[in-house]
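Given the structure is predicted, the values throughout are model-derived calculations rather than measurements.
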Amino acid sequence: MTDLAEALAAAAGAAVAQCTPIGGGHGARHYRAQLADGRELFVKEAADDAGIAALDAEAQGLRWLAEAAAVQVPKIIARHNRTLALVYLPAGRSDRAAAERFGRDLARLHAAGADSFGAPWAGFIASLPLPNEQATSWPSWYAERRLLPYGRLARDAGTLGAGDVALIESLASRIGELTGPAEPPARIHGDCWSGNVLWSGGRGWLIDPAAHGGHRESDLAMLALFGAPYLDRILGAYQEVTPLAAGWQTRVPLHQLHPLLVHVCLFGAGYRESALSVARAALAVG
C-alpha cells in the first residue's frame, strides 16, 4: 500500500491522504483514494504484465473516446507503471431523461468515426487479449478478429466442442450475407454492456472500454444483452440523432455472439448454450 500511495502521489502531484481497497478483477486490484488536495480517485493496480498491458489499452481507449466530446468518460489523472488513476465518479441511478441523453451522446460518439476497423493499439477485453489489427471491411474483420479467435480459444479450453466451433466457422464463412448494409467504421466502446455504463450526475458515463473502430450495432446489441435500464429510451433517442439501418433488430444476435464467446472463454460452459443460440439465430437471418 505504501508503494502504491507513493506512486500515486508522484503521478498526481499531491500526497495521498487515504487509499482504501475496494475489490478488483481481471488482473487488477481496485482502490478508492483521496488526495490531500481533496480530489478523489478510482485506482487500478495491475497484478502482472498482462494486467499492465490491459491498463495501457484501457487508457488509450478512454483518451480516444474522450476526443469525440460525446459520451462522457472518466478523466485520467495518472497512468504510471502498474497503476491507472481516474477521477472517482459517485454512482447514481438512471432515469428516462438520463437514458435519452445517453442515447443521443452514444449516437454522436459513434458518428465521430474511426480511421479503420480495429485500432492502432493492442486491445484487451476483460483479461483477454483482443485482436485489433486494422482492416477496411467489417464483415471479414469481425469474423477473423472477434468470432473465430474466441471460438477456438474456448475449444482449446474444452468449453466448446468441435461441432460448436464448426457452427461458428460456418457463420464466419457466410458473414457477408448476414451483416446488412455496409457502414463506415464507428467509434465504439467495444464492451458496452450495462455494467460498463456508470450513471452519475444525471447522465451515463462509459467505463472499462475495449474501444476500437467497429460497427455501431455492436454497442447497441451489448446494451441489450444484459439489460441496460430504459433501453427503449436509449434506442429511441439514439435514432433521433442517427437512424439505424433497416433490419438492425434481426442482426442483434450476430453482434451478441462475440461477447458471449468472450464469456465462454472467461467463465466457462455456463454461457455455451447462449452463444450457440445466438449463432443459430444469426445464421437463420441469412
Side-chain angles (χ1 to χ4, degrees), residues 25-28 44 53-68 70-74 76 84 86 102-103 105-135 137-150 153 179 183-198 204-226 228 234 238 242 248 251-266 275 278:
H26 302 305
K44 293 184 175 183
L55 292 186
D56 283 337
E58 179 176 352
Q60 296 216 57
L62 287 170
R63 293 187 184 105
W64 187 63
L65 295 177
E67 288 173 3
V71 182
Q72 292 292 297
V73 298
I76 297 173
L84 173 64
L86 310 171
F102 176 72
D105 287 348
L106 187 62
R108 286 190 283 268
L109 173 67
H110 290 167
D115 292 335
S116 64
F117 297 106
W121 57 80
F124 270 80
I125 186 163
S127 58
L128 295 176
L130 185 70
N132 267 346
E133 292 86 352
Q134 294 170 282
S137 169
W138 187 78
S140 59
W141 179 88
Y142 184 65
E144 295 166 8
R145 300 288 182 257
R146 294 296 183 265
L147 299 184
L148 295 175
Y150 298 96
L153 183 63
T179 54
E183 295 209 4
R187 188 170 301 220
I188 72 170
H189 176 278
D191 191 14
C192 197
W193 71 289
S194 57
N196 282 341
V197 181
L198 175 63
W205 298 65
L206 288 174
I207 61 173
D208 292 339
H212 61 276
H215 198 300
R216 62 197 181 114
E217 292 176 12
S218 295
D219 271 356
L220 300 177
M222 283 203 70
L223 285 171
L225 184 57
F226 298 113
I234 294 172
Y238 184 102
T242 311
W248 67 269
R251 295 186 291 274
V252 168
L254 176 66
H255 291 274
Q256 289 180 340
L257 180 54
H258 168 242
L260 285 170
L261 289 173
V262 168
H263 275 67
V264 172
C265 293
L266 288 171
V278 298

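Shortest non-hydrogen contact noted between Ala59 and Leu84 is CB-CD1, 4.2 Å. The two atoms that bring Ala275 and Leu261 nearest to each other are CB-CD2, 4.2 Å, heavy atoms only. Closest approach of Ala57 and Trp121 over heavy atoms only: O-NE1, 4.3 Å. Listed here is the closest heavy atom pair of Ser218 and Trp138: OG-CZ2, 4.1 Å. Between Ser116 and Pro185, the closest heavy-atom pair is O-CB, 3.6 Å. Taking all atoms of both residues into account, the shortest heavy-atom contact from Val73 to Leu62 is CG2-O, 3.7 Å.
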Checking side chain to side chain contact (heavy atoms under 4.5 Å, CB included) for the pair Leu65/Leu109: CA distance, chi angles, key distance, verdict?
-> CA-CA 7 Å; Leu65 295 177; Leu109 173 67; 3.9 Å; yes

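You'll find the side chain of Ile125 stays beyond 4.5 Å of the side chain of Leu266, heavy atoms only. Residues Val262 and Asp191 form no side-chain contact, since every pair of their non-hydrogen atoms from C-beta on lies 4.5 Å or further apart. Counting heavy atoms from C-beta outward, His263 and Trp193 have side chains that stay 4.5 Å or more apart. You'll find the side chain of Leu130 reaches within 4.5 Å of the side chain of Tyr150, heavy atoms only. Taking 4.5 Å as the limit, every side-chain heavy atom of Met222 sits out of range of all side-chain heavy atoms of His189.
Put simply, OG on Ser137 and CD on Glu144 are 8.5 Å apart, with the number rounded to the nearest 0.5 Å. Residue His110 holds its NE2 atom at 6.0 Å from CG of Leu220, rounded to the nearest 0.5 Å. Rounding to the nearest 0.5 Å places CG of Asn132 at 10.5 Å from CZ of Phe124. To the nearest 0.5 Å, atoms CG (Asp105) and CD1 (Ile234) are separated by 11.0 Å.
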Let me check something: any side-chain donor-acceptor pairs from residues 206-216 under 3.5 Å, sequence neighbours excluded? List them with distances.
{"from": "Asp208", "atom 1": "OD1", "to": "Lys44", "atom 2": "NZ", "distance (Å)": "2.6"}
{"from": "His212", "atom 1": "ND1", "to": "Ala210", "atom 2": "O", "distance (Å)": "2.9"}
{"from": "His215", "atom 1": "ND1", "to": "Glu217", "atom 2": "N", "distance (Å)": "3.1"}
{"from": "Arg216", "atom 1": "NE", "to": "Glu183", "atom 2": "OE1", "distance (Å)": "2.7"}
{"from": "Arg216", "atom 1": "NE", "to": "Glu183", "atom 2": "OE2", "distance (Å)": "3.4"}
{"from": "Arg216", "atom 1": "NH1", "to": "Tyr238", "atom 2": "OH", "distance (Å)": "3.3"}
{"from": "Arg216", "atom 1": "NH1", "to": "Thr242", "atom 2": "O", "distance (Å)": "3.4"}
{"from": "Arg216", "atom 1": "NH2", "to": "Glu183", "atom 2": "OE2", "distance (Å)": "3.4"}
{"from": "Arg216", "atom 1": "NH2", "to": "Pro243", "atom 2": "O", "distance (Å)": "2.8"}

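Remark: side-chain polar atoms of Gln256 are paired, donor with acceptor, to backbone N or O of Ala221 under 3.5 angstrom. In this structure, the side chain of Asp219 does not engage the main chain of Ile188 through any donor-acceptor pair within 3.5 Å. Looking at Arg63, its side chain never comes within 3.5 Å of a backbone N or O of Ile76 through a donor-acceptor pair.
By the salt bridge (Lys or Arg N to Asp or Glu O under 4.0 Å) test, Arg146 pairs with no residue at all, sequence neighbours left out.
Between Trp141 and His258, the ring centre distance reaches or exceeds 6.0 Å.
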